[in-house]
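Each remark here refers to the structure printed beneath this line.
Below, chain A is the first sequence line, B the second, and so on; all start at residue 1.
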Protein chains: 2
Amino acid sequence: MDTNKSNKSKKRQARGSGNARPSLTREVIVRAALKIVDDEGYGALSMRRLGTELSVDPMAVYYHFPNKAALQDGIVEEVMSGIDLGRDDPSKTIAERLCAAAHIYREALLSHPQAVQITAVRSLNTPDSFRPVEFLLELFAEAGFTRTDALAGVNIFARFVRGMVLLESVSMKSMENDHDDITMEALAGKLPLEDFPLMHKAMQEACFIGNEAEFGRATKALIKGLLEEYSNGEKEVDDDVG
Amino acid sequence: MDTNKSNKSKKRQARGSGNARPSLTREVIVRAALKIVDDEGYGALSMRRLGTELSVDPMAVYYHFPNKAALQDGIVEEVMSGIDLGRDDPSKTIAERLCAAAHIYREALLSHPQAVQITAVRSLNTPDSFRPVEFLLELFAEAGFTRTDALAGVNIFARFVRGMVLLESVSMKSMENDHDDITMEALAGKLPLEDFPLMHKAMQEACFIGNEAEFGRATKALIKGLLEEYSNGEKEVDDDVG
DNA sequence: ACCTGAACACCGTTCAAGT
DNA sequence: ACCTGAACACCGTTCAAGT
């Protein structure tokens, strides 16, 4: 249900008597959880497994987080905090700055590939998580978008990046299992040549440009298309500057 | 592991002796599973729940599907079969046809909103699931894309639609719980006005254009951007167009 | 305040056994 | 061939109890 509303204010008050500073912190727990996900995959994260990782009774975590969903929100928060907005360069085109933001977003998510299935889908209410939104609203406003269009733009932008990265990560995972062409061959065998001529051609000349390049193309195309449609002002788009 | 390789050829051979046609079919099972997901949500689907739905021992399903993942692939297959390619209108622009395909794809996925979390993420190996790919390759080829660019285009297109719809569906789900503005107010309270001026403005004039409109805008922008960048102009493809 | 440990109601999957 | 039912090794969560 409501995931993040319990322990917010009283982080750790220094008790008058014995200062047995709690070995267990939200931070420590989240990092351990993230480590499990990174090392063993999203499915390996359980409260019990987390307990053993922390060398603590599995139920101890429930003192710091109301439930597993809240813990996962903690993970999302941790990963999202890796988004570095300071890298924005205001001297560049709006299109370029939006593209850069997309790549920064993507990199933050992909820095924990096994966690993407969590991070891409859950959305937070913490102020920190809305700072990128405000930033993007600014950018779209600067491009001459109306308030409504800017909001739509941000929504589109965020969904685009998160969705794209998510599917990128699951395709990476399925790549790992197969030894590349083994499945290719099997697949080619199943597809009737006369019904799938283009697919066969494409598979023969294994022409895959790579995930990052694909993301780059898609991002550039989307942003260009959006800006052309909804910005009013002179955008001075001298096309693509290398 | 490998999900769909077991029972393929022998669907139901008429036994010489007593014809006790099995009450349990892959079809029946998948449909029951999909019903559970539709009615009670993705999380409610378990082998045991499925057993009671079918009025059968929970383990009976394991005779028809090797594991739960295979069952889920069955669901994906079922939903994806709702994609109707026959609705393509070759007299229209390539851009329009691609947009139409995107909307058809989206509608097929959204026809089972609770299942999107499964359908959007898993990808199948069945020939049927590759027919849309071949179709899209054709469209991009017709637009003058090189083979490599066409493949990238299809990849981008598919990831875009699935990712977009997935995040659309999760945002719908979180909308249901909140009574719209209650969370809005709480959120506005948490965001310092001086740090988030644009967000506050946007939230005051609750300007949300709707999910379908957003998807339409995004799709149009993406496709326009892609076509402008990678198509060679006149689409006189004297190549292999039947 | 912070952690433990037993207990509850679930899971997915295996496997021998029934018909 | 097709289904049953017990069993195994897990889950998330609750709650009384410890310190």
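More than 12 heavy atoms of other residues, nucleotides or ligands lie within 6.0 Å of CD in Glu40(B), so this atom counts as buried by the packing criterion. Within a 6.0 Å radius of OH in Tyr42(B), other residues, nucleotides and ligands contribute 12 heavy atoms or fewer.
Considering only side-chain N and O atoms, His64(A) lies nowhere under 4.0 angstrom from the phosphate OP1 or OP2 of dA1(C). For dC3(D), the OP1/OP2 oxygens have no side-chain nitrogen or oxygen of Tyr63(B) closer than 4.0 Å. Look at Ser23(B) and you'll find a side-chain N or O under 4.0 angstrom from OP1 or OP2 of dC3(D).
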* Would you write the dot-bracket representation of DNA chain C, where each base gets (, ), [, ], | or . depending on whether it forms a Watson-Crick or G-U pair under 3.5 Å and with which partner? => ||.|||||...|||||.||
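As a whole-Å value, the separation of Leu24(A) CG from dT19(D) P is 19 Å. Between Met47(B) atom CE and dT4(D) atom C1' the separation is 15 Å, expressed in whole Å. Rounding to whole angstrom units, OH of residue Tyr62(B) and P of dA7(D) are separated by 18 Å. dC10(D) atom P lies 10 Å from atom CZ of Arg48(A), rounded to whole Å. Look at CZ on Arg49(B): it is 19 Å from P on dA9(C), rounded to the nearest Å. Phe65(A) has its CZ atom 12 Å from the P atom of dC3(C), to the nearest Å. Here dC8(C) presents its C1' atom at 12 Å from CE of Met59(A), a figure rounded to the nearest Å. Between Asp57(B) atom CG and dA17(C) atom P there is a gap of 17 Å when expressed in whole angstrom units.
In this structure, Arg162(A) contributes its side chain and Arg122(A) its backbone to a donor-acceptor pair below 3.5 Å. Counting only distance, with no hydrogens or angles, the side chain of Glu134(B) and the backbone of Met199(A) share a donor-acceptor pair below 3.5 Å. In this structure a side-chain-to-backbone donor-acceptor pair under 3.5 Å is missing from Thr25(B) to Val28(B). Of the possible polar contacts, one joining the His200(B) side chain to the Ala188(B) backbone as a donor-acceptor pair under 3.5 Å is found.
At a cut-off of 3.5 Å, with distance as the only test, a side-chain donor of Asn211(B) or Arg159(A) sits close to an acceptor on the other residue.
Near-neighbour residues of DNA chain D inside residues 32-44 of chain A, defined by a heavy atom below 4.0 Å, are absent.
In this structure the side chain of Leu71(B) reaches within 4.5 angstrom of the side chain of Met47(B), judged on heavy atoms.
In this structure, the nucleotide among dT13(D), dG12(D), dC3(C) sitting nearest to the side chain of Val56(A) is dC3(C).
When heavy atoms are screened at a 4.0 angstrom cut-off, Leu50(A) is found touching no nucleic acid atom at all.
Salt-bridge formation is detected for the pair Arg131(A)/Asp128(A): a Lys NZ or Arg NE/NH1/NH2 atom is positioned less than 4.0 Å from an Asp or Glu carboxylate oxygen.
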